[in-house]
Amino acid sequence: MPDDRTIPPLAEADRKRLDDLYHSLQVENGRILGYPCNGAFDYSPLYRFLAFPANNVGDPYLPSNYHLNTHELERELIATFATLTHAPEAHWGYVTSGGTEGNMYGIFLARELYPEGIVYHSEDTHYSVNKILRALHVRNIMIRSRPDGTIDLEDLEETIRIHRDVPPLIFANVGTTMKGAVDDLAGIHRILKRRAIQSYYIHADAALSGMILPFVDGAPPWDFQAPVDSISISGHKMIGCPFPCGVALARKANVERIARRVEYIGSLDTTIAGSRNAFAPLFLWYALKTVGLDGYRRRVRECFGVADYAVGRLTAAGCHAWRHPYSNTVVFDRPAEAVVRKWQLAVNDGIAHLIAMPHVTRAHVDQLVVDLRERP
Ligand SMILES: *Cc1c(COP(=O)(O)O)cnc(C)c1O
């Protein structure tokens with residue numbers, strides 16, 4: 001540790017910049033309605049850990065030469081997510097830098113298993129997936145979406161039929177970015193069966209909904225029971241975390257096939273990132289231990305209550321609001337730009353959405369509606 005006296009204090013001007021930044025973040029923090037980052041958390045009991053240069057480099061299930069890690073908590077956390085997602089006994093997972101890395105991991109696995117495969121995904125798939133497909137250089141075809149945001153099964157079946165000799169690698173949306181829609185996995189499996197396709201892979205992008213659907217009675221099939229082969233869930237969304245993070249889960253046999261390949265070139269490097277955030281497993285583990293699964297079930301129910309309230313208020317204001325019964329994303333007519341900016345609403349073409357995360361209250365909705373009436 002450096003001696004404090006050897007570090008000069010911040011110059012007055014720089015200190016003021018930090019204070020200004022702090023205050024502006026404080027103000028904006030009260031107005032996040034459009035993005036699914038839960039701001040309702042308190043990790044202050046963990047701040048003492050930030051004094052360590054901890055690093056979770058490597059596979060969480062293997063011994064590491066770097067001892068300042070939180071691999072043990074990471075394994076426990078993955079075990080909890082494995083239970084939530086009905087993963088088979090033989091599963092593998094790790095804590096990622098966010099939903100994007102987990103999606104990249106899923107497509108990476110799929111491509112390694114079926115290098116000639118084609119990725120199918122809908123128009124409503126998260127924007128980052130296009131970049132992942134380019135980076136991994138995988139063939140891919142975009143499938144039409146239905147107005148409710150789910151993948152158009154007719155278009156999917158017709159496209160798969162044309163490319164019958166190539167393994168389909170399905171990138172399934174489990175809670176789309178704009179509409180919170182869950183692709184019909186039962187319908188996708190029916191197509192694969194009808195077309196007698198033996199070799200395929202299904203990845204579930206459950207960035208937000210992966211921490212919602214386990215707590216929703218009568219949720220559509222979406223997890224390893226659906227079944228899918230890998231899942232990506234963000235940690236900073238429904239759970240809430242001051243830095244981005246996430247969880248990737250996969251079938252162990254598939255991971256081992258890739259690990260062997262990498263071993264061949266002299267490494268058991270199973271994760272996408274090398275050095276990995278050791279605080280992410282610590283924070284997520286803490287959240288699950290303190291809030292608890294019953295606590296998240298309660299939170300999801302409360303979020304849905306606020307979402308229903310928003311649908312009612314926005315409908316009364318003439319904004320054509322709706323939501324999927326299993327989602328906290330409320331879609332409505334795109335309002336004036338000033339309202340979009342003030343409330344950090346997400347917009348796409350003619351629609352906007354608000355996401356009823358745990359920090360979003362009925363009072364927020366009321367204030368938004370006042371603004372909408374003033375500037376529709
Ligand atoms: C947020 C989100 C992503 C990206 O996840 P990050 O954690 O931001 O990297 C991908 N897909 C969906 C559906 C999302 O909501």
Side-chain angles (χ1 to χ4, degrees), residues 32-39 41 81 85 93-108 119-136 140 142-143 145 148-151 170-183 185 202-213 219-220 222-223 228 230-249 271-273 276-277 279-281 283-284 287 300 303 307 323-324 326-331 344-348 351-357 360:
I32 315 171
L33 256 51
Y35 293 89
C37 297
N38 172 18
F41 54 73
F81 274 97
T85 59
Y94 76 101
V95 174
T96 61
S97 61
T100 304
E101 184 181 334
N103 285 336
M104 184 168 199
Y105 189 77
I107 299 174
F108 173 57
V119 170
Y120 300 98
H121 67 89
S122 86
E123 291 174 277
D124 280 46
T125 292
H126 191 262
Y127 66 88
S128 64
V129 175
N130 194 29
K131 171 187 58 197
I132 293 169
L133 294 169
R134 282 170 62 199
L136 290 174
N140 59 89
M142 189 188 281
I143 305 296
S145 294
D148 70 356
T150 60
I151 194 165
I170 313 276
F171 186 93
N173 295 322
V174 175
T176 58
T177 313
M178 275 314 287
K179 296 173 180 168
V182 175
D183 287 343
L185 279 155
I202 304 180
H203 171 78
D205 174 7
L208 169 61
S209 293
M211 260 314 272
I212 295 177
L213 296 174
W222 69 280
D223 63 12
V228 302
S230 51
I231 298 177
S232 171
I233 304 174
S234 296
H236 56 284
K237 291 191 172 173
M238 199 60 195
I239 297 178
C241 191
F243 42 78
C245 55
V247 168
L249 295 156
T271 58
I272 288 193
R276 293 188 301 112
N277 186 339
F279 304 108
F283 278 45
L284 296 181
V300 167
C303 289
R323 74 171 179 103
H324 283 288
Y326 49 73
S327 166
N328 59 341
T329 299
V330 176
V331 183
Q344 302 175 59
L345 299 176
V347 288
N348 188 27
I351 61 167
H353 73 208
L354 73 78
I355 307 188
M357 296 303 285
V360 174

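Read the numbers this way: they start at 1 and go in the same order the structure lists the ligands and their atoms.
Residue contacts with ligand 1: Thr177 is placed with no nitrogen or oxygen under 3.5 Å of a nitrogen or oxygen of the ligand (distance criterion only). Considering backbone and side-chain atoms alike, Asp205 places an N or O below 3.5 Å from some N or O of ligand 1. The shortest N/O to N/O separation between Gly99 and ligand 1 falls below 3.5 Å.
Using a non-hydrogen distance threshold of 4.0 Å, Glu101 does not register as a contact of ligand 1. Assignment of Pro244 to the shell around ligand 1 is not supported, since no heavy atom sits closer than 4.0 Å.
Here His236 has side-chain heavy atoms under 4.0 Å from ligand 1, and that is the only part of it that gets that close. Counting heavy atoms under 4.0 Å from ligand 1, residue Asn103 touches it through the side chain alone. Contact annotation for Thr100 and ligand 1: heavy atoms of both the backbone and the side chain come within less than 4.0 Å of the ligand.
For atom 15 (O) of ligand 1, the closest non-hydrogen atom on the protein side is Lys237 NZ, 2.8 Å. Given atom 10 (C) of ligand 1, the protein heavy atom at minimum distance is His126 CG, 3.3 Å.
Every atom of ligand 1 is numbered from 1 in the order shown, and the set under 4.0 Å from a heavy atom of Gly98 is 7 (O), 9 (O). Close approach to Ser234 involves these atoms of ligand 1, each under 4.0 Å from a residue heavy atom: 5 (O), 6 (P), 7 (O). Proximity to Gly175 (heavy-atom distance under 4.0 Å) selects the following atoms of ligand 1: 13 (C).
Judged by distance alone, the side chains of Asp183 and Ser122 never bring a donor and an acceptor atom under 3.5 Å apart. No side-chain donor from either of Thr177 and His126 sits under 3.5 Å from a side-chain acceptor of the other.
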Checklist entry - Given the rule in the side chain to side chain donor-acceptor pair (under 3.5 Å) test, do Thr125 and Asp205 qualify, once you have shown the distances and angles that lead to the verdict? => result CA-CA 9 Å; Thr125 292; Asp205 174 7; over 6 Å; no
Next on the checklist: Go through it in stages, so that I can follow the logic: the residues are Cys245 and Leu284, the test is side chain to side chain contact (heavy atoms under 4.5 Å, CB included), and I'd like the CA-CA distance, side-chain angles, deciding distance and then a yes or no.
Outcome noted: CA-CA 9 Å; Cys245 55; Leu284 296 181; 3.9 Å; yes
Next on the checklist: Before you tell me yes or no, could you show the steps for Ile32 and Met357 under side chain to side chain contact (heavy atoms under 4.5 Å, CB included), namely the whole-Å CA-CA distance, both residues' side-chain angles and the distance that decides it to 0.1 Å?
Outcome noted: CA-CA 9 Å; Ile32 315 171; Met357 296 303 285; over 6 Å; no
Next on the checklist: Between Asp124 and Thr176, does the side chain to side chain donor-acceptor pair (under 3.5 Å) criterion hold? Intermediate values first, please.
Outcome noted: CA-CA 6 Å; Asp124 280 46; Thr176 58; 4.6 Å; no
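Relative ring orientation between His203 and Phe171 is described as tilted, the plane-to-plane angle lying within the 30° to 60° band. Note: Phe283 and Phe243 have tilted aromatic rings, judged against thresholds of 30 and 60 degrees for the angle between ring planes.
Side-chain contact check for Phe41 versus Pro242: some heavy-atom pair is nearer than 4.5 Å.
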